[in-house]
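So the structure is just underneath, and the comments pick up after that.
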Amino acid sequence: MRSAVKKLFGGIELTWPKLIIWAVISGAFTAAMAIIPAFSATSFIAITVTFEVWILFGIIIIMNSKSNIDSALKCFVFFLISQPLVYLIQVPFSHMGWNLFGYYKYWFIWTLLCLPMGYIGYYMKKGKWWGYLILFPMIVLTGYSYASYLPDFMFYKPKFILICIFCICAMILYPVLIFENKKIRTAGALIGAAMVLGLTFIALRNPPVYSTEIMGSNAEHRFDDTYEVSLADEQYGDVQIVYYENLESYMIHADFTKAGRTVMTIVAPDGSKQEYDLVIERTTYEITQKQAD
């Protein structure tokens with residue numbers, strides 16, 4: 001198994017036709033992940049917004065190139081093809097149309113940077129200790145992605161587990177797969193593991209909470225501090241009625257800790273109830289009043 005994975009990092013004959021086909025497939029796959037709604041809150045959406053998978057692609061290109069120039073040009077061409085294709089395929093499916101290419105400016109800058117990064121990255125193949133210093137910024141960027149997706153995993157469990165596992169493996173295994181020197185491999189793996197543990201500890205100490213106001217008291221939904229509000233399942237978080245002096249109104253404040261569906265119930269002093277279906281997402285929610293039987 002290790003030898004098969006190791007082959008990705010220096011055992012492939014990466015010809016230009018192979019590179020171009022790979023770039024087209026990568027761009028089309030990424031566009032599909034952005035278009036298909038089923039992937040919008042899963043690990044597969046990561047490739048459309050963050051670097052970690054593209055970093056892997058860049059490292060594979062570098063490690064299978066024949067020279068600094070070959071590495072720089074192949075990295076540049078790969079991203080020059082794949083990134084515009086991501087947006088081009090999305091155009092017919094997006095309400096933004098061709099304006100969607102406004103987002104490409106950011107990725108185009110990174111595409112230009114692929115020339116120096118590919119050139120310098122090739123020096124990792126020398127197997128020297130300073131090769132890890134070239135690799136380290138890529139590990140840091142992957143760690144940044146892990147720090148972003150771990151709270152999403154905690155909120156959406158089990159969604160986003162795949163991208164979290166990917167980031168963990170990448171941070172620890174890149175030096176093991178790239179370098180032959182045992183000391184570099186061991187030190188690199190330990191540094192990566194320490195980063196994973198540190199980022200995990202921070203996330204666990206600061207679990208994700210989506211705080212928002214759900215609704216205000218009005219003629220249709222009347223309540224005050226004599227009413228009680230609760231969620232059918234407390235694992236989704238906490239709700240309470242709060243008075244805001246600046247608004248001169250009572251509102252229901254929510255601290256959500258998990259995505260999903262539940263029922264919110266408002267109980268009046270006389271025992272009558274108002275029930276609402278509640279759909280919770282990471283930064284949004286939908287609430288619908290249940291019809292009386």
Side-chain angles (χ1 to χ4, degrees), residues 1-15 18-19 22-23 26 43 46-47 50-79 82 110-150 153 161-204:
M1 178 66 180
R2 183 182 180 276
S3 60
V5 175
K6 183 76 173 175
K7 186 177 180 180
L8 285 174
F9 296 83
I12 299 173
E13 185 181 352
L14 188 60
T15 62
K18 288 180 181 178
L19 180 88
W22 179 20
S26 298
S43 295
I47 195 173
T50 46
F51 289 121
E52 65 292 320
V53 176
W54 297 104
I55 288 172
L56 171 62
F57 292 166
I59 291 175
I60 291 174
I61 292 171
I62 290 169
M63 297 304 296
N64 289 283
S65 295
K66 298 177 181 179
S67 67
N68 298 83
I69 297 297
D70 188 50
S71 175
L73 291 177
K74 282 180 176 174
C75 285
F76 175 70
V77 171
F78 176 83
F79 286 94
S82 61
W110 281 101
T111 299
L112 293 176
L113 290 173
C114 283
L115 286 167
M117 288 191 297
Y119 189 93
I120 296 171
Y122 185 81
Y123 284 106
M124 290 189 296
K125 296 185 69 171
K126 302 294 184 181
K128 304 297 183 180
W129 67 267
W130 39 262
Y132 181 76
L133 298 181
I134 297 173
L135 175 66
F136 188 67
M138 295 178 250
I139 294 177
V140 170
L141 284 173
T142 302
Y144 181 81
S145 292
Y146 177 63
S148 300
Y149 290 118
L150 183 55
F153 164 68
I161 189 171
L162 292 179
I163 192 61
C164 288
I165 292 174
F166 173 89
C167 291
I168 291 172
C169 292
M171 294 168 69
I172 296 173
L173 295 181
Y174 277 159
V176 175
L177 296 169
I178 290 173
F179 300 101
E180 295 296 335
N181 185 290
K182 187 175 180 180
K183 291 182 179 179
I184 299 174
R185 291 165 56 188
T186 302
L190 289 175
I191 292 171
M195 291 175 65
V196 169
L197 290 174
L199 292 171
T200 303
F201 176 77
I202 292 171
L204 294 176

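Worth knowing before you read on, the calculation uses all heavy atoms, side chains too, and leaves out hydrogens, waters and symmetry mates. Keep in mind it's a predicted model, so treat the numbers as computed, not measured.
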Please set out all donor-acceptor pairs under 3.5 angstrom arising from side-chain atoms of residues 117-132, sequence neighbours excluded.
from   : atom 1 : to    : atom 2 : distance (Å)
Tyr122 : OH     : Lys66 : O      : 3.1
Lys125 : NZ     : Met63 : O      : 3.2
Lys125 : NZ     : Ser65 : O      : 2.8

Give the table of side-chain donor-acceptor pairs shorter than 3.5 Å for residues 190-204, with sequence neighbours excluded, one pair per line with atom names and distance.
from   : atom 1 : to     : atom 2 : distance (Å)
Thr200 : OG1    : Tyr146 : OH     : 2.6
Thr200 : OG1    : Val196 : O      : 2.7

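Proximity of Ser26 to Phe78: side-chain heavy atoms (C-beta onward) are separated by under 4.5 Å at one or more points. Put simply, the side chain of Glu52 reaches to within 4.5 Å of the side chain of Phe166, judged on heavy atoms. Looking only at side-chain heavy atoms (C-beta outward), Phe76 and Leu112 come within less than 4.5 Å of each other. Between Ile139 and Pro175 the shortest side-chain heavy-atom distance falls below 4.5 Å.
Phe79 pairs in a ring-ring contact (aromatic ring centres under 6.0 Å, His included) with only one of the listed residues (Trp110, Phe51, Trp22, Trp54), which is Trp54.
In this structure, CD1 on Ile61 lies 10.5 Å from CG on Asp70, to the nearest 0.5 angstrom. Note that CG of Leu150 is 12.0 Å distant from CD1 of Ile163, once rounded to the nearest 0.5 Å. Atom SG of Cys167 sits about 11.5 Å away from atom CD1 of Ile172, to the nearest 0.5 Å. A distance of 9.0 Å separates CD1 of Ile47 from OG of Ser82, quoted to the nearest 0.5 Å. A distance of 8.5 Å separates CZ of Arg185 from CG of Leu177, quoted to the nearest 0.5 Å. Taken to the nearest 0.5 Å, the CZ atom of Phe9 stands 6.0 Å off from the CD1 atom of Ile178.
Within a 6.0 Å sphere centred on OH of Tyr144, other residues, nucleotides and ligands contribute 12 heavy atoms or fewer.
Looking at Thr142 and Tyr174, their side chains never bring a donor and an acceptor atom within 3.5 Å of each other.
The minimum heavy-atom distance between Leu19 and Leu14, with the atom names listed, is CD1-CD2, 4.1 Å. What you find for Ile60 and Leu8 is that their closest heavy atoms are CG2-O, 3.6 Å. In plain terms, the two heavy atoms of Gly58 and Cys75 that are nearest each other are O-SG, 4.1 Å.
Remark: side-chain polar atoms of Lys18 are not paired, donor with acceptor, to backbone N or O of Ile12 under 3.5 angstrom.
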